[in-house]
Amino acid sequence: MTHDLPLDLSPEVRAALGRGAPVVALESTIVTHGMPYPDNVSTARAVEAAVRKGGAVPATIAVLGGRIRVGLSEDELEALGRGSGAMKLSRADLAYAVAMRRDGSTTVAATMICAHLAGIRVFATGGIGGVHRGMETTLDVSADLDELGRTPVTVVCAGAKALLDLPRTLEYLETRGVPVVGFGTDRFPAFWSRDSGLPAPLRLDSAAEVAALMAAQRRLGLSGGVLVANPVPEADEIPGSEIAAHIDEAVADAARRGVGGKGVTPFVLARMLELTGGRSLRTNVALILNNARLAAEIAAAAAG
Ligand code: PSU
Ligand code: MN
């Protein structure tokens with residue numbers, strides 16, 4: 001227990017943080033709501049291994065029985081991936097899950113909150129939530145964006161999915177004062193594809209440069225995180241022209257079935273898997289591993 005917070009660090013994570021060694025936070029909504037079993041668990045394990053190989057300690061975050069757990073055991077990860085009872089926790093649900101002693105997986109927003117409580121500054125995921133298409137009527141804007149504007153954690157992602165309204169997502173991030181960095185690219189990536197058709201607002205080309213940005217942000221007293229957009233490796237990408245029709249169909253299906261709120265992203269992800277015959281999942285796994293490797297490098301550069 002850390003002070004009187006409902007926060008439990010695994011012994012390995014606690015030791016790493018204690019000696020100032022690099023630690024990379026990992027989310028768990030990807031496990032419970034982003035991929036089917038058993039690919040979700042095997043991917044989560046492979047991501048942890050990629051972080052280790054990069055010289056950092058992985059800290060997968062979830063809420064179990066109302067305790068925020070930072071660093072899960074193999075068995076806990078397996079149970080989370082198998083089970084269907086976990087809540088999808090964003091900022092709005094975190095206190096509820098703690099108070100009611102529930103199990104829940106953490107989204108990008110909730111993982112940032114928990115990572116910050118634990119003292120972890122770098123976090124790897126696949127794609128962030130964003131402004132949904134049709135937000136003019138639904139007002140559906142992921143809490144991930146506001147979290148990036150307020151919580152000092154660097155999030156490494158492969159951009160955001162083209163099922164979102166990407167121009168508005170970037171506008172919103174700018175309004176909230178979030179540095180959005182194309183890593184080794186001038187283009188903002190779109191998860192399965194390397195280029196969304198939009199420019200990346202900023203560009204950096206090394207982990208050391210990202211660490212320098214984080215340090216400067218801190219020195220200036222600017223609250224909030226950094227979004228590092230790391231394009232999927234070329235060999236694994238699905239070009240935008242190939243994926244666009246599937247995205248449109250999946251989004252239309254969600255609307256037709258009246259799926260709304262927290263259900264939209266999980267529904268569309270599952271539908272994309274069907275529509276692409278599994279190809280979207282392979283790309284998803286490849287890009288998360290790629291982000292885990294970069295996050296480990298950034299954590300090492302920031303710790304050094
Ligand atoms: N985008 C993805 N894959 C995901 C998610 C987003 O490409 O698994 C998950 C992340 O956990 C993200 C959350 O934080 O969905 C956003 O959900 P919402 O749009 O309901 O805020
Ligand atoms: Mn939403």
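Indexing begins at 1, ligand by ligand and atom by atom, following the structure's order.
- Nearest protein heavy-atom contact of atom 1 (N) of ligand 1 is Gly127 O, 3.2 Å.
- Remark: Asp236 does not engage Arg282 in a salt bridge, criterion side-chain N to carboxylate O under 4.0 Å.
- Of all protein heavy atoms, the one lying nearest to atom 16 (C) of ligand 1 is Asp144 OD2, 3.8 Å.
- Protein heavy atom at the shortest distance from atom 9 (C) of ligand 1 is Thr29 CG2, 4.1 Å.
- Per-residue contacts place Leu269 under 4.0 angstrom from the following atoms of ligand 1 (heavy atoms of the residue considered): 3 (N), 4 (C), 8 (O).
- What sits closest to atom 18 (P) of ligand 1 on the protein, heavy atoms only, is Lys88 NZ, 3.7 Å.
- Heavy atoms from other residues, nucleotides or ligands lying under 6.0 Å from CZ of Arg52 number more than 12.
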Does the side-chain contact (heavy atoms from CB on, under 4.5 Å) test come out yes or no for Arg150 and Ser223, once each step is laid out?
CA-CA 6 Å; Arg150 72 199 288 177; Ser223 59; 5.6 Å; no
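- With hydrogens left out, the protein atom closest to atom 11 (O) of ligand 1 is Glu27 OE1, 2.7 Å, a heavy atom.
- Note: no N/O pair closer than 3.5 Å links Lys262 and ligand 1 by distance alone.
- Considering every non-hydrogen atom in both Ala50 and Leu289, the closest pair reads CB-CD2, 4.1 Å.
- Val180 and Val131 end up in the same hydrophobic cluster when Ile, Leu, Val, Met, Phe, Trp and Tyr side chains are linked at under 4.5 Å.
- A salt bridge does not link Glu48 to Arg45: none of the charged side-chain nitrogens sits closer than 4.0 Å to a carboxylate oxygen.
- Under 4.0 angstrom from ligand 1, the non-hydrogen atoms of Thr265 all belong to its side chain.
- Put simply, the side chain of Ile298 does not reach to within 4.5 Å of the side chain of Arg121, judged on heavy atoms.
- For atom 3 (N) of ligand 1, the closest heavy atom belonging to the protein is Lys161 NZ, 3.3 Å.
- With respect to the Mn ion (ligand 2), Asp140 has OD1 as its nearest N, O or S atom.
- On a distance-only criterion, Val108 and ligand 1 share at least one N/O pair closer than 3.5 Å.
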Just do the side-chain hydrogen bond (donor to acceptor under 3.5 Å, both in side chains) check on Thr111 and Thr106 with the steps written out, would you?
CA-CA 5 Å; Thr111 305; Thr106 49; 2.8 Å; yes
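- Checking only distances, Ser142 does come within under 3.5 Å of ligand 1, N or O to N or O.
- Of the charged side-chain nitrogens involved, none lies within less than 4.0 Å of a carboxylate oxygen, so that Asp93 and Arg102 do not count as a salt-bridged pair.
- Every atom of ligand 1 is numbered from 1 in the order shown, and the set under 4.0 Å from a heavy atom of Phe191 is 7 (O).
- Proximity to His132 (heavy-atom distance under 4.0 Å) selects the following atoms of ligand 1: 19 (O).
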